[in-house]
Every structure is written in C-alpha cells, then in structure tokens.
Amino acid sequence: MSLLDRHRAVMPTWMPVYYGDDALEIVAGSGRRVTDAAGRSYLDFFGGVLTTMVGYDIAEISDAVRAQVGTGVAHTSTLYLIRQQVELAEKIARVSGIPDARVFFTNSGTEANESALLFATNLRRSNQILAIKNGYHGRTFATMAVTGHRSWSSSSLSPLTVHWLASADRLRGRMAGLSDSDLIDAAVDDLREVLATVSAGDVAGLIAEPIQGVGGFVAGPDGLLGAYRKVLAEHGILLIADEVQTGWGRTGDHFWGHQAHGVTPDLITFAKGIGNGFALGGVVGRAEVMNAVPAISFSTFGGNPVSAAAGNAVLDYVLSHDLQGNAKRVGAVLLDGLRALSYDILGEVRGRGLMIGLEFTRPGTGEPDPVATLRVFDLCRAGGLLVGKGGLYGNVIRIGPPLTLTEEEAREGLAILADAIATADAESRIS
C-alpha cells in the first residue's frame, strides 16, 4: 500500500493534499531546495505555507535546537520559568514597536488569533468583532467565525457576533477599479455605515491581515488600516493585526505588514515563520489589553523550550542577515519579471517583497480561471518548482519562498514560472 493510500485510510477527507494521486513526500531539504521520496529536487517557492522562512537545514537554527534538546528538557510548562521563552519575548516586544508590550506564546496562528480575540472581547466586554471579507484567521470556532472565505468556513457556530467590511479586491466586488484614494474613502464609508447600522455600538475590535494570505495575497492600498484606525479610535475599538503571514520582514518594505499603513495596532498576532517549521505562534500587544483575562490561563506547549530556542535563533538570523532587505531586493527581481509577462490568462500580478500572488482569469471576461491556475501549478512542479494555491475562487498562485532566496534562485524560479504560464496560456487558446 502506498503512503498516499495509507494517508487516505487514516486521515479525514477534508484534509487536502497537493497534486492529488501524485502527492509529494518531501524527505530532505537544504537552503531553498527540497528532495522528494523519488530523489527529485525542487526549488521551494512556498516554504511549507510561508513557514520555512529562513530555509532548510540552517546551521544556526539546527544548532540552537540541538543544544536545547541536549539538555534533556523539551518541556516544563509556563508554571516554571523558561529562559528561552523570556528571551524571545523580550526580543519580540522590542521589535513590535508597542510600548510596554506583553507577549503570550501559542502553538499556531489559529491559537494566536483565538487568544487575541479573547483579550479584545474581555477588555471591551463585548463579543462583537469587525472582520474583512476574503480574510482568513484560522480553523477554531472564533477564528473561523472571522474568516470571510467560504472554502474555509466549515461551521456557522460561533462565540462572536461578526460584522463584515468589504474586501479591497481590485478585480471584482464593490472596490473593483477604484484608485487608492477612492478605495480608502469607500472603505472608511463602509466602516462607518457598518458601525452605525448593524453593530450594537460596543464593538470589541477589528481583526485584519495587512495582506490577505489564503485570500490570494489581496491587499488594500497603503494607509487603509490607518484610515480605519481613526474611525475605530472614535469608538474605543481595538485593532488586531494578523501578521501570521506578513511578519518578520517578508514584505520587504517593512518588518511588519501593518507598518505600510502608518499605524500601531493594539495587538499583533504572529506564527509560521518565527518557528521556521517548529510549532510557535503568539500575540504581542499593549499590557492593558494583554492583561484583560479575568481567570488563570496558559498554553501547555506554547513557547516551550525547544520551539522558543528555534524562535530565538530565527529572529536573530532574520535581523543579523537583514532578511527584510533581501526580501525587498530579491522580491523585486520576481515582481519585475512577472509583471513583464503578457499572457491573456494572467489577470494580475500583485504582492510585496517575497509575498507574491498571480491571479488567473478567463481571457476577455475577467472571470476566475481555477483550471488554468491548476495547470500552471502542476507545470511548475514538473519544471522543478513548488508553489502554492489560494484565492477565494482557487485561481491564485501563491509565492512565498524562504527570505534567504538568492537572486540567482529567483531568476531560476521565474524562468520556470514563465514557461508554465506560457504553456497554460497556449493550451487555453486551443481549448
């Protein structure tokens, strides 16, 4: 029995596996490349869903983890002091830009967002949350409730009352075709209308991704969150920045995605890249908000000694090697190259730094084309490149490689992408 057959025999049907009957088992990795069970090497432009942020087999990270494991202490719980956790919290508090910040560690982005929602609703004594359509925040009841993406909303049950704001999608919907300034004005009007009509007046917070990850790397114009914040401040409503995918310099221009909007959130959630594959997430925020939990609470495994050791090594590496600057430089190579392509099926190239989305549409209609997207996705693998998929309609190729990607590797991946798009475009003309 194949590994895929064994997987299907014991895993739930709703857990997707890329490439269907030709599913991939990754058995080794080095730098920005991985090797499958058949011995074939691939350039990785997805990093385990933007999680292997520094790359594979990075000595500084591996050594830090081995040193902690070598002590024999993998877990103690936060009922005891954990030096690695405290040191990492100090670093994250410093880079957060939030005065007198507090940090709470979790195991994942979902749990981080769940925690942020807990803090905000406790402080404000309200279960009302503002969320943005097409956003994704996790798979638990509260985070699923604030996820505006039908494919990922598997239950209507929720502890929250959610009020929805319009997505900043430029290709379709109420914001389609608007200039940056007009979109910001329309978004602010939408926020004011929602607060005046469907809320009960005591909304706890707005949770927003600076760039919508699962939603296909859709982003509003710079300054949008800042414009929202001015309205929120009039009502005492908190701002939660979901930086699970956008944090740690991935956007190139800024260390945090929200910094493009000239705003300091009350809470910032993080995960994925900070662990570089080890389970690590958390929330950093204003002490007043973080402390607003009227009962004892902790995370059994969040910030455990091994994951925290990895996190310390990752953050040190990101800062000492200026991976934010590398994301800006190498991301420009990819974005410039992709924007120079001209194919009927390529509806839009968007992104920032090493967070890039390619939206595929049916020529002449602008309608989403998930079939062409899947074809490009498969052709990339055939060419030796791993990419991701996403978007509300499954028609976006997502590119989020390790931030250590070199310019040479960027050009190598760009050539594979260009060939895949050209082939899929030609095939669409025949069909």
Side-chain angles (χ1 to χ4, degrees), residues 48-53 65 68 74-93 95-96 98 101-123 129 135-147 152 159-160 204-205 207-209 213-214 238 240-248 256-257 265-287 289-315:
V49 195
L50 287 75
T51 299
T52 309
M53 183 175 70
V65 170
Q68 182 58 47
H75 174 75
T76 62
S77 92
T78 51
L79 295 174
Y80 304 94
L81 292 173
I82 302 174
R83 184 172 298 274
Q84 294 277 11
Q85 184 184 91
V86 172
E87 291 175 352
L88 181 56
E90 290 171 338
K91 294 172 186 175
I92 292 174
V95 299
S96 73
I98 298 174
R102 298 293 187 272
V103 181
F104 177 69
F105 289 107
T106 65
N107 305 292
S108 68
T110 290
E111 191 185 343
N113 285 328
E114 187 87 16
S115 299
L117 294 168
L118 171 69
F119 304 153
T121 53
N122 265 293
L123 180 72
I129 293 290
Y136 173 82
H137 301 286
R139 52 166 299 277
T140 51
F141 275 161
T143 58
M144 202 182 330
V146 294
T147 288
W152 295 87
L160 303 172
I207 186 167
E209 300 165 278
V214 170
L238 304 177
I240 304 167
D242 179 346
E243 296 272 3
V244 170
Q245 295 195 32
T246 48
W248 319 113
W256 301 104
D266 298 287
L267 298 169
I268 302 170
T269 62
F270 57 85
K272 289 191 181 294
I274 186 60
N276 202 57
F278 288 86
L280 183 62
V283 188
V284 57
R286 291 196 294 114
V289 188
M290 296 288 293
N291 290 334
V293 178
I296 294 173
S297 187
F298 75 121
S299 174
T300 299
F301 295 107
N304 69 75
V306 176
S307 290
N312 272 300
V314 167
L315 187 49

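The shortest heavy-atom contact between Val284 and Ala101 is CG2-CB, 3.8 Å. Residue Asn312 comes nearest to Gln84 through the heavy atom pair ND2-O, 2.8 Å, listed as atom of the first residue, atom of the second, then distance. Contact detail for Leu280 and Gly311: the closest heavy-atom pair is CD2-CA, 3.8 Å. Between Thr106 and Ser115, the shortest heavy-atom contact is CG2-OG, 3.8 Å. Residues Asn122 and Pro294 come closest through the heavy atom pair OD1-CD, 3.2 Å. Between Ala74 and Asn304, the shortest heavy-atom contact is O-OD1, 3.7 Å.
Looking at Ile82 and Phe105, their side chains never come closer than 4.5 Å, going by heavy atoms from C-beta outward. Inter-residue side-chain proximity for Met53 and Lys272 is flagged as unmet; no heavy-atom pair is nearer than 4.5 Å.
The OG atom of Ser108 lies 9.5 Å from the CD atom of Glu114; values are rounded to the nearest 0.5 Å. His75 contributes atom NE2, which lies 11.5 Å from atom OG of Ser307 (distance to the nearest 0.5 angstrom). Note that the OG1 atom of Thr246 and the CZ atom of Phe270 stand 13.0 Å from one another [nearest 0.5 Å]. A distance of 8.0 Å separates CD1 of Ile240 from CG of Asn113, quoted to the nearest 0.5 Å. Here the CD1 atom belonging to Ile207 is positioned 8.0 Å from the OG1 atom belonging to Thr147, to the nearest 0.5 angstrom. Interatomic distance, CG of Leu117 versus CD1 of Ile129, reported as 5.0 Å (0.5 Å rounding).
The environment of Phe141 atom CZ is sparse: at most 12 non-hydrogen atoms of other residues, nucleotides or ligands sit within 6.0 angstrom. The number of heavy atoms from other shown groups lying within 6.0 Å of CG (Leu79) is above 12.
With Arg286 as reference, Leu238 is the one residue of Leu238, Leu267, Asn291 to meet the side chain to side chain contact (heavy atoms under 4.5 Å, CB included) rule. The side-chain hydrogen bond (donor to acceptor under 3.5 Å, both in side chains) with His137 is formed by just one residue from the set Thr110, Thr143, Asp242; it is Asp242. Test Val49, Leu50, Thr269 against Val244 for side chain to side chain contact (heavy atoms under 4.5 Å, CB included) and you get one pass: Thr269.
Classified by interplanar angle (parallel below 30°, tilted 30° to 60°, perpendicular above 60°), the ring pair Phe119/Phe104 is perpendicular. Ring-plane geometry between Trp248 and Trp256 is classed as tilted, the angle between the planes lying from 30 to 60 degrees on a 0 to 90 degree scale.
Looking at Gln85, its side chain does come within 3.5 Å of a backbone N or O of Gly303 through a donor-acceptor pair.
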